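Shown next, in structure tokens, is the structure this report addresses.
Keep in mind it's a predicted model, so treat the numbers as computed, not measured. Order of the sequence lines fixes the chain letters, A, B, ..., with proteins taken first and strands second; residue numbering starts at 1 for each chain.
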Amino acid sequence: MSFSAVTLRLLDGFQATLFIFFVTLFASLPLGMVITACSMSKFKPLHWLTRTFVWIIRGTPLMLQVIVVFFGPGLIFDVQMRSRMTAVLVAFIINYATYFSEIYRGGIESIPIGQHEAGQVLGMSKRQIFFRIVLPQVIKRIVPPMGNEIITLVKDTSLANIIAVIELVMAAKTIVSNEHIIWPLFYIGVFYLLFCGVLTILFNFIEKKLNYYKG
Amino acid sequence: MNILEIKNLHKAFGSNVVLKNISMSVSKGEVVSIIGPSGSGKSTLLRCATTLEVPDSGEIKYFDDFLIRTENEKTVYADKDVLKKIRHHFGLVFQNFNLFPHLSVMRNITEAPIIVDGKSKKQAESEAMELLKKMGLSDKADAYPCELSGGQQQRVSIARALALNPKILFFDEPTSALDPELTGDILRVIRELAKEHMTMVIVTHEIDFALHVSDRVVFMADGYIVEEGAPEDVINNPSNERTKSFLSRLQK
Ligand SMILES: Nc1ncnc2c1ncn2[C@@H]1O[C@H](COP(=O)(O)OP(=O)(O)O)[C@@H](O)[C@H]1O
Ligand SMILES: [Mg+2]
């Protein structure tokens with residue numbers, strides 16, 4: 001197979017990789033906030049339910065979660081998961097939303113109580129304190145861990161191949177076994193490196209932008 | 001006229017009773033210093049008065065607004081609207097400043113006047129500039145708190161509290177987090193405010209300062225007000241044994 005033919009095939013797989021990445025990212029960023037709110041809820045049953053959920057999601061492999069989401073509905077409810085991609089997205093979104101929610105929570109809890117108190121004695125409402133005092137400081141603090149997590153997501157997209165979704169690794173693996181050539185594996189390595197490289201530059205840029213104060 | 005009136009205030013954290021039957025009042029223009037060993041409940045008293053801590057029973061009244069009162073032997077707390085009104089009456093200066101690190105000095109001061117009082121940005125900024133001038137920080141309006149010394153940060157936090165025109169200003173050990181050579185700046189600012197007849201309640205370990213600036217000194221120990229009176233009496237001529245031993249330990 002020629003270089004350009006391989007490239008075309010790999011680009012097909014890369015498209016799926018990008019799709020999983022962006023859909024997961026944009027769905028789990030806000031969903032994570034919802035989980036954070038539940039996790040920090042003063043309503044104890046909701047709090048404990050969420051903590052248990054977080055414990056399960058963080059304590060089991062993403063690969064297992066993908067498999068369960070794909071086969072689970074068929075085996076338990078007798079409804080077939082129609083699309084493999086949907087199963088991947090559902091599992092990824094839940095998994096990443098949970099991880100993001102823990103980063104958000106850590107960020108919120110890291111803001112000293114004195115910041116809330118200062119806002120309170122100045123007469124600010126709970127809402128004003130959260131959005132104007134706490135949140136801006138949280139954002140600065142969570143950018144580095146969020147950057148790490150998002151770069152991990154790039155590489156985790158390859159787990160989709162466990163249920164035969166043709167993403168980048170799957171595409172390369174197929175070529176390698178059919179054509180008996182090894183170099184497509186290194187080739188896709190370059191894809192990942194470039195992708196992660198761009199994200200690293202982006203996150204460094206954001207960190208610099210937020211560096212107008214220390215703390 | 002009394003700005004603040006506290007009667008029979010009680011507060012416990014679990015089984016640790018921290019405030020026992022505290023009664024005191026502060027009239028307009030008065031400067032009251034609270035002294036006493038650490039752990040005696042001074043901060044808790046200030047925190048109860050500034051809504052940061054919820055007392056168990058007793059009475060706290062600003063002008064005619066009750067923060068907490070006892071009615072038919074039941075403790076009644078202020079509702080949301082009254083609470084909002086009461087928060088307008090006072091300001092609090094923290095020991096460790098609690099400035100907003102992500103906001104410039106100017107915005108630290110103008111944020112509350114704009115979003116709480118609904119002042120225009122222009123009005124708030126020109127008033128903030130005046131306050132900064134008074135604090136000797138005119139050139140720091142655009143700086144961030146992390147770029148300032150502790151003494152400068154504390155002066156910004158005083159300006160921030162003053163920007164809301166409080167009727168009474170509380171200080172919880174405003175100089176304790178500062179290097180000794182910086183405490184003078186803060187004490188000078190407070191002295192300046194006293195001259196302008198700002199009503200103030202100051203928790204402090206600066207006995208000399210308490211002696212010269214305050215109209216009244218309150219000595220607290222173990223959650224009680226043990227002794228209170230004119231600064232010369234309480235500090236130079238204490239009648240209670242605990243006050244004596246506290247002061248003699250400090251003067252060593
Ligand atoms: N949030 C809290 N929870 C439990 N105990 C507290 C809390 N705040 C203060 N205390 C206790 O209350 C007592 C008085 O503390 P505080 O008011 O800070 O004294 P002071 O300011 O005079 O040093 C101390 O024993 C302290 O441990
Ligand atoms: Mg204290």
Side-chain angles (χ1 to χ4, degrees), chain A residues 29 32-33 36 40-44 47 100 103-147 202-215, chain B residues 43 46-47 49-53 80-81 83-105 107-119 142-148 153 156-157 159-166 168-172 177:
Chain A
L29 286 172
M33 295 180 204
T36 303
M40 295 179 76
S41 171
K42 290 205 175 73
F43 180 58
K44 285 295 155 192
H47 165 81
F100 290 158
I103 295 176
Y104 300 158
R105 189 175 63 90
I108 292 169
E109 287 174 350
S110 76
I111 304 302
I113 184 76
Q115 292 290 303
H116 295 261
E117 294 184 345
Q120 190 181 321
V121 295
L122 290 170
M124 295 180 193
S125 65
K126 285 240 150 63
R127 219 189 153 73
Q128 288 173 328
I129 292 171
F130 183 76
F131 285 104
R132 291 171 177 269
I133 306 301
V134 176
L135 194 58
Q137 298 183 54
V138 169
I139 290 172
K140 178 183 164 95
R141 288 184 187 200
I142 67 174
V143 165
M146 287 298 284
L202 181 69
F203 279 107
N204 284 342
F205 175 76
I206 297 174
E207 267 180 61
K208 271 223 185 72
K209 275 272 167 202
L210 291 171
N211 234 355
Y212 62 92
Y213 75 92
K214 302 257 172 306
Chain B
S43 294
L46 246 54
R47 291 172 58 82
T50 54
T51 73
L52 295 177
E53 219 63 82
K80 225 173 133 194
D81 292 335
L83 209 56
K84 200 169 166 189
K85 201 169 155 209
I86 284 175
R87 290 204 178 113
H88 241 100
H89 293 322
F90 65 76
L92 171 63
V93 173
F94 297 87
Q95 180 174 343
N96 53 353
F97 334 131
N98 288 335
L99 289 177
F100 305 129
H102 61 300
L103 300 179
S104 67
V105 164
R107 287 226 18 226
N108 261 278
I109 300 172
T110 58
E111 193 73 356
I114 293 172
I115 70 171
V116 177
D117 283 358
K119 270 194 190 145
D142 298 323
Y144 283 86
C146 62
E147 299 164 336
L148 304 180
Q153 290 189 46
V156 173
S157 91
R160 180 176 71 174
L162 288 172
L164 290 165
N165 297 309
I168 175 170
L169 191 50
F170 296 95
F171 295 81
D172 191 357

Item to complete: Walk me through it: do F94(B) and D172(B) pass the test side chain to side chain contact (heavy atoms under 4.5 Å, CB included)?
Response: CA-CA 5 Å; F94(B) 297 87; D172(B) 191 357; over 6 Å; no
Rounded to the nearest 0.5 Å, the CG atom of L103(B) sits from the CD atom of E111(B) at a distance of 5.5 Å
Output for pair (Q120(A) CD, I133(A) CD1), nearest 0.5 Å, gives 12.5 Å
Among residues 204-213 of chain A, those lying within the under-4.5 Å heavy-atom range of chain B are Y212(A), Y213(A)
Chi angles and distances behind the side chain to side chain contact (heavy atoms under 4.5 Å, CB included) call for E147(B), V105(B): CA-CA 10 Å; E147(B) 299 164 336; V105(B) 164; over 6 Å; no
Q) Would a 4.5 Å heavy-atom cut-off, applied to side chains only, mark V138(A) and Y104(A) as touching? A) no
Would you indicate whether the side-chain heavy atoms of Q128(A) and V116(B) approach each other to under 4.5 Å? yes
Measure [X] against the heavy atoms of chain A and call it side chain, backbone, both or neither at under 4.5 Å.
X: H88(B); result: neither
X: L164(B); result: side chain
X: F100(B); result: both
X: R47(B); result: side chain
X: F97(B); result: neither
X: L99(B); result: backbone

On a heavy-atom basis, the closest approach of I129(A) and G119(A) is CD1-C, 3.8 Å
Looking at K119(B), I want to see if its NZ is surrounded by more than 12 non-hydrogen atoms of other residues, nucleotides or ligands under 6.0 Å. yes
Practice problem: Kindly determine whether M146(A) and L29(A) satisfy side chain to side chain contact (heavy atoms under 4.5 Å, CB included), including the steps that lead there. | Solution: CA-CA 10 Å; M146(A) 287 298 284; L29(A) 286 172; 3.4 Å; yes
Scored by heavy-atom pairs under 4.5 Å with chain B, the best of K140(A), H116(A), M124(A), Q115(A) is Q115(A)
